[in-house]
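Down below is the structure, laid out as structure tokens.
All values below were derived from every heavy atom in this structure, side-chain atoms included, with hydrogens, water molecules and symmetry-related copies excluded. Residue numbers run from 1 in the order of the sequence given.
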Amino acid sequence: MAIAPKDSQVSGIMNFLIQSELLTESDAKIHDQEAKKHKVSALSYLATHKLIDSTVVAEKISEHFGLPLLDLSAIDCRTLPTSRISEKLIHQHNALPLMVRGKSLFIALSDPTNSQALDDIKFHSLLNPKVILVEENKLAKAIEIALEEEEASITDILDEDLENLTVADDDKIDINADVDEAPIVRFVNKILLDAVKKGISDIHFEPYEKTFRIRVRADGMLHTVVSPPPSVANRIVSRIKVMSKMDIAERRIPQDGRIKLILSKNRAIDFRVNTCPTLFGEKVVMRILDPTNAQLGIEKLGFEPVQQELFLEAINRPYGLVLVTGPTGSGKTVTLYTGLNLLNKTDVNISTAEDPVEITVEGINQVNMNPKAGLTFATSLRAFLRQDPDIIMVGEIRDLETAEIAVKAAQTGHLVLSTLHTNDAPQTLNRLLQMGIPAFNVVSAVNLIMAQRLGRRLCPHCKKEVHFPDKLLLEAGFKQDELEDLHIYSPVGCDECTNGYKGRVGIYQVMKMTEKLRELILNGANAMEIGECALAEGFNDLRRSGLNKVRMGMTSLEEIDRITKE
């Protein structure tokens with residue numbers, strides 16, 4: 001058995017994994033740092049990223065520490081005594097109460113070296129904790145199932161008397177606060193918690209003359225989740241405005257706010273909130289800003305190998321302009337921040353100007369736009385250029401002034417990343433020209449343009465293969481030589497997904513500036529001519545990239561038709 005050196009910088013379970021030859025010391029140090037960076041336990045990080053086999057680790061720990069190993073999948077987690085310790089403590093230490101016997105509380109743990117967990121549980125439960133070893137990959141799911149039964153459903157909360165409620169006026173929003181909350185407060189918290197757990201991107205609170213509905217956007221599609229009584233609409237909206245520090249007395253104009261929801265000691269989620277007065281009250285839309293979305297890793301975005309290589313090549317150049325384009329909600333911010341995370345090192349100075357800042361990242365200087373105070377994209381860019389920048393990210397190029405500064409920065413030794421709202425990559429070049437940027441400046445500054453969409457990913461549990469006539473497939477855009485070994489799947493729907501889809505995948509058009517494209521732009525070519533040249537140069541358009549995802553079984557032909565329809 002290999003023994004970790006005395007100067008090893010890891011301890012606890014990581015040290016055990018080194019000694020058991022399940023990890024090298026260098027790998028253990030890297031993974032330990034990443035786990036701390038993501039604020040999760042070392043075993044949780046390793047299991048989530050499939051860097052270890054949880055069963056092998058549990059068997060090694062059981063043998064070494066002499067602890068009984070329990071298969072959590074063999075018990076009904078909904079009947080466990082989770083009330084013996086707080087939900088906050090369960091999440092904090094990844095510890096699940098299994099059974100009480102006399103003055104002993106048997107606890108499911110995957111890391112028996114976590115002495116702090118045992119001390120906290122003993123203090124709060126007034127019982128002696130006894131460790132039962134379990135596999136890490138099964139523990140998180142078991143905790144979710146065990147606590148799910150204890151949560152009041154949205155309809156249960158609605159059944160309570162909401163008519164005579166007042167809204168709590170508190171500034172600190174802690175989802176695990178141990179207080180007897182009023183139903184309206186618990187109702188809003190429940191909506192937000194469910195949205196985070198289910199991977200929802202937006203929540204809509206919509207008042208109408210005789211109804212009030214709450215919808216959520218899951219995998220890009222809106223679904224109604226509940227319709228509370230219209231009489232409580234103002235109270236729910238007021239609660240949200242208090243949480244996001246808006247003026248609850250002002251109902252005539254739109255307002256913007258932000259909520260930081262504390263889920264646990266190590267995790268908080270931000271919500272960007274906007275209100276807008278409608279005929280029958282204020283509509284509220286909340287955008288969930290989960291920082292983990294920007295830490296997916298470039299391989300999770302959905303690039304084809306050639307496209308990923310082009311993107312990495314462009315962002316690793318010392319200067320030039322990289323533009324990402326697409327409609328609102330197409331994942332542009334996540335793509336840009338995935339790139340920035342790769343570039344975020346101590347030897348470079350990165351500054352971003354955004355409206356608003358959606359994802360906060362340590363090591364990046366982020367500026368929130370404030371037009372009322374005179375802080376615009378253009379003024380921020382000018383300030384950045386006086387602060388010794390290496391990399392600049394502009395949330396959006398909206399006007400000629402911002403475009404001119406971004407182009408000049410790209411031409412004078414800075415890497416500039418930004419977004420525009422156009423339909424595809426060729427139209428982006430025309431948009432810059434229409435704004436007033438001379439063609440010679442466009443061709444000298446722009447390195448790469450990337451258009452993107454988000455398509456719903458087929459559920460791997462229930463998708464089924466379907467057969468279409470060759471004629472229809474050719475009309476859809478497939479090539480004759482692709483038909484022979486073509487397998488196309490359609491959505492079905494099961495307990496694991498929403499209408500046959502689970503998650504989303506990026507569809508990209510990645511267009512590098514080549515000599516032929518530069519020549520076309522200088523000669524005044526239109527977007528159609530540029531697009532044809534890009535195809536000839538080997539850069540797939542959005543439709544072709546979407547069809548490749550269909551061929552790979554990632555999504556359906558119906559979904560690609562929906563998001564790439566001309």
Under the salt bridge (Lys or Arg N to Asp or Glu O under 4.0 Å) rule, what do Asp71 and Lys138 come out as? Steps first, then yes or no, please.
CA-CA 8 Å; Asp71 183 2; Lys138 294 180 181 177; 2.8 Å; yes

For side-chain contact (heavy atoms from CB on, under 4.5 Å), just list the numbers for Arg562 and Met221, CA-CA rounded to whole Å, side-chain angles, deciding distance to a tenth of an Å, and then say yes or no.
CA-CA 12 Å; Arg562 183 181 71 85; Met221 305 295 284; 3.6 Å; yes

Where do Ile521 and Met513 land on the side-chain contact (heavy atoms from CB on, under 4.5 Å) test, with the steps shown first?
CA-CA 10 Å; Ile521 295 163; Met513 288 296 289; 3.4 Å; yes

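Summarising the local packing, CD of Glu482 is surrounded by more than 12 heavy atoms from other residues, nucleotides or ligands at distances under 6.0 Å. Surrounding CD of Glu519 are at most 12 heavy atoms belonging to other residues, nucleotides or ligands under 6.0 Å away. In Glu362, the CD atom is not crowded: 12 or fewer heavy atoms of neighbouring residues, nucleotides or ligands sit closer than 6.0 Å. Counting heavy-atom neighbours within 6.0 Å of Lys283 NZ, excluding the residue itself, gives a total above 12. Annotation for Phe468: atom CZ counts as buried by contact number, over 12 foreign heavy atoms lying within 6.0 Å. Residue-environment remark: NZ (Lys549) exceeds the threshold of 12 foreign heavy atoms within 6.0 Å. The 12-atom threshold is not exceeded at CG of Asp485, counting heavy atoms of other residues, nucleotides or ligands nearer than 6.0 Å.
Here the CG atom belonging to Leu323 is positioned 9.5 Å from the CG atom belonging to Asn447, to the nearest 0.5 angstrom. The CE atom of Met450 sits 12.5 Å away from the CE atom of Met511 when rounded to the nearest 0.5 Å.
Counting only N and O atoms by type, the side chains of Thr211 and Ser227 include no donor and acceptor under 3.5 Å apart. No donor-acceptor contact under 3.5 angstrom links the side chains of Ser330 and Gln452, judged on distance only. Between Glu136 and Asn94, the side chains place a donor N or O and an acceptor N or O closer than 3.5 Å (distance only, hydrogens not considered). Checking Gln366 against Thr360 by side-chain atom types alone, no donor-acceptor pair falls below 3.5 Å. Side-chain atoms of Ser545 and Gln307 include a donor-acceptor pair closer than 3.5 Å.
Side-chain contact between Thr555 and Val550 is present, with heavy atoms from C-beta onward closer than 4.5 Å. Residues Thr328 and His421 have side chains in contact (heavy-atom distance under 4.5 Å, counting atoms from C-beta outward). Annotation: side chain of Ile488 is in contact with side chain of Leu473 (closest heavy-atom distance under 4.5 Å). Between Val446 and Leu432, the closest side-chain pair of non-hydrogen atoms falls below 4.5 Å.
When all heavy atoms of Leu535 and Asp541 are compared, the closest pair comes out as CD2-N, 3.9 Å. Annotation for Ala406 and Leu381: closest pair N-CD1, 4.2 Å, computed over non-hydrogen atoms.
Between the side chain of Asp390 and the backbone N or O of Asn349 there is at least one donor-acceptor pair closer than 3.5 Å.
Sorted by first and then second residue, the pairs that involve residues 498-509 and meet side-chain hydrogen bond (donor to acceptor under 3.5 Å, both in side chains), not counting sequence neighbours, are Tyr501-Ser556.
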